[in-house]
Amino acid sequence: MSFPPKRILILGATSAIAQAIARKFASSETQFFLIGRDIQKLDAVATDLQERFRCMVHTYQMDLADNSRHQEVIETAKKKLGNFDLALIAHGVLPEQDEIKNDADAVLNSLNVNFNSAVSLLTHMSDIFEQQKTGSIAVISSVAGDRGRKMLYVYGAAKAGLSSFADGLRGRMIEHGVHVLNIKPGVIATPMTEHLKKGVLTSTPERVATDVYKAIRKKQDILYTPGRWWAIMFIVRHIPERIFKKLSF
Amino acid sequence: MAIGESWGRTFSAIHTLRPRHWVHQSLPQNIKGEPLLAYGLGKSYGDSCLNDGGVLMPMQEMEHVISFNRENGILRCEAGITLETILQLCVPAGWFLPVVPGTKFITLGGAIANDIHGKNHHGAGTFGCHVLAFELLRSDNSRTLCTPDSNEGLFNATIGGLGLTGLITWAEIKLKKISNACIEMESIKVRDLDEFLDVSANSDKDFEYTVSWLDSLAKGRNSGKGVFLRGNHGTDSNQELKVHSSPKLTWPIDAPNFLLNGLSIKAFNFLYYNKQFSRKKRSIVHYDSFFFPLDSVHNWNRVYGKRGFFQYQFVLPFMEGHMAVRDILNIISESGQGSFLAVIKTFGEIKSPGILSFPQPGVTVALDFPNCGRKTRELFDRMDEIIISNQGRLYPAKDACMSADAFKSFYPELEQFRPYMDPAFSSSFWRRVNN
Ligand SMILES: Cc1cc2nc3c(=O)[nH]c(=O)nc-3n(C[C@H](O)[C@H](O)[C@H](O)COP(=O)(O)OP(=O)(O)OC[C@H]3O[C@@H](n4cnc5c(N)ncnc54)[C@H](O)[C@@H]3O)c2cc1C
Ligand SMILES: NC(=O)c1ccc[n+]([C@@H]2O[C@H](COP(=O)([O-])OP(=O)(O)OC[C@H]3O[C@@H](n4cnc5c(N)ncnc54)[C@H](OP(=O)(O)O)[C@@H]3O)[C@@H](O)[C@H]2O)c1
């Protein structure tokens, strides 16, 4: 695949991080297929890309939690774009752990969006990528998937599963010339984290986009973004469980 | 800079933050009756972009482009887009912003709410003169399309309306055609205020942009001494339409206060004046260094240390002898509190639609003052008196100190403005000057 990718599929295209990534890759030669559930937001994002970069943008409105429609949406995207140079999975929800901890339905709903729907979509597109023998699949997971912790284990579990899935998929795709990038952002100021206190570690969607751009160029496997999260998570992963279990974060 | 701060760093305010992301989003429901205020990039120096104890709505993530016609230069964007992003978009297409301030890191909404002015005020008027339309979201959740012809009252009140008439969701502006990204400029040493006024009057016709750096410590006869800059957009269409690059330096820490005593300020001014040996020099520079020389160092406001600083910007009407301007320059130089930066320019006759718009024909001077507490405020009080008795005014975007009485005498249009205010909006500035 020549860099930068020209035919780009984005699932959860109204996400702040996805928008920043789209702008990073966009040029007058780019063709986007954007999927989101809110038509007003989707239109705003599509128009912005068209007017800024004079690129071509297709949009598709759907609730990605509806896994029964995944095949249809991937097929439609394939028809419109021809090939996929880059597919980005960006949708997700951050449930308030304290609010859902005793509500199994809510737990499963969030798992459905963050894990089931993502891996279902990846499965539907994997065959296409295998056939075309080129391109990048990028999945936004999270540092929260690196270790289960008290304040975030439902979300963390979904992201842990998603990371495992993506890393495994990479093994399958390598012989077909397809690159799989597992993106693990730290804390990023977006609508998802609006209710959380911002600290010195909080970064921006633009920073993530810059890192993702480089990672796709270099065909990197796993990306901690910003880079310091690699070191932070290295330490977090190595704290003995008997101590870790008592930490309240 | 943290969200909820202003550029001068002399205020601390506590806010409930409600960032905006989408044009169609409604306003936060009146949280415990707290007043609302939009927040751009906090590049206002004082408290006009703060709302202590209230809700602040950061706008910078609401920055979608809605339409850009590259043929006629009409651009419609969401209000949180920065002038920097607009330049990145329009310069390669051969267009430029109609008016720019001394930094490109401000938002479209902020440019309208303070009806900003630039080095081309004498020929182009204020930013508000180039606004074709905007949408205003009010606390009753109504959306009003405002143009010079429809809902004219709200249009005029919102331009320079300090964010108090509601939230501007998007705005449409008319850009200016350029052939390349360069400015053909001349710098001329001027000896004193009379020479500045002469050069300025003679430059207005042939030069789109004029401004002068002024040595605020020069005393007596030398008062007004400085370097006059004037320029036009380059006309050579073979030259590139090259966009600026991002800043390379960030001022890392709060500077210790001693860096800014009279001596270091004097040294800075001296260097600036003597950098150029011949009286007049021509050069071709990129727009970025002509308009935004300070943008190359991010957070340069930290150079003033933890105690922060003030900016004082006034305009005084043209008058015989310009005694009031002289008096103020003398007060400043005698006080020795003078500034790192002092800028002087003449405003032209073009009237802005904005009811509370700051610029009026005359001489405007802007200076920074390290915050020395009472000493600085007393100095401001003395200067305020001169400005009041000479029908001048201060610029709210820069202000942190003016009294309610001073504000009323600076802005007699206030009563005309009030009916257009949104009852749910307010700011720290507004409460201060209506005390
Ligand atoms: C280095 C420097 C140089 C400068 N040079 C100049 C100059 O040459 N000329 C000049 O005129 N000014 C100048 N300024 C001042 C600056 O241009 C103004 O203060 C400008 O308004 C700041 O814009 P902002 O986006 O940061 O808005 P803020 O400072 O965050 O807010 C300013 C006002 O705009 C309102 N506002 C913001 N967005 C909206 C919206 N969407 N709807 C309604 N209200 C809104 C806020 O409520 C507030 O009242 C300069 C400032 C700096 C730091
Ligand atoms: N922000 C962080 O700190 C952070 C850290 C690590 C990982 N991440 C991950 O980064 C990704 C992007 O998030 P963000 O930070 O950019 O936040 P965001 O702007 O809130 O984006 C989340 C997006 O997911 C979409 N979405 C949620 N459920 C959906 C559904 N059922 N169908 C379709 N779309 C759905 C949302 O659509 P609506 O706008 O319509 O609700 C929204 O566009 C997520 O996977 C998130 O888990 C974020």
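The sequence lines fix the lettering, A, B, ..., with proteins before strands; numbering per chain opens at 1.
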As an exercise: rank [options] by heavy-atom pairs under 4.5 Å with chain A and give me the winner.
options                   : value
B/Val65, B/Leu89, B/Val23 : B/Val65
B/Glu61, B/Glu78, B/Arg70 : B/Arg70
B/Arg18, B/Gln25, B/Glu63 : B/Glu63
B/Cys90, B/Cys77, B/Ser67 : B/Ser67

- Heavy-atom pair of closest approach, residues A/Leu223 and A/Ala215: CD2-CB, 4.1 Å

- Do you know which two heavy atoms are closest between A/Cys55 and A/Leu49, and how far apart they sit? SG-O, 3.3 Å

- Centroid-centroid distance, B/His64 to B/Trp170, less than 6.0 Å: no

- Task: Check whether the ring centres of B/His233 and B/Phe96 lie less than 6.0 Å apart, and answer yes or no.
- Result: yes

- Ring geometry between A/Phe3 and A/Tyr213 (parallel below 30°, tilted from 30 to 60°, perpendicular above 60°): perpendicular

Please flag which part of [X] lies under 4.5 Å from any non-hydrogen atom of chain A: side chain, backbone, both or neither.
X       : result
B/Gln88 : neither
B/Ile66 : backbone
B/Ile86 : neither

At a 4.5 Å cut-off on heavy atoms, which part of [X] comes close to chain B: side chain, backbone, both, or neither?
X        : answer
A/Gln50  : neither
A/Thr14  : both
A/Glu194 : side chain

- Item | Main-chain N/O of B/Ala79 paired to B/Arg20 side chain as donor or acceptor, under 3.5 Å | no

- Task: Begin from the C-alpha positions of B/Thr82 and B/Thr85 and carry the test side chain to side chain donor-acceptor pair (under 3.5 Å) through to its verdict.
- Result: CA-CA 5 Å; B/Thr82 63; B/Thr85 306; 2.9 Å; yes

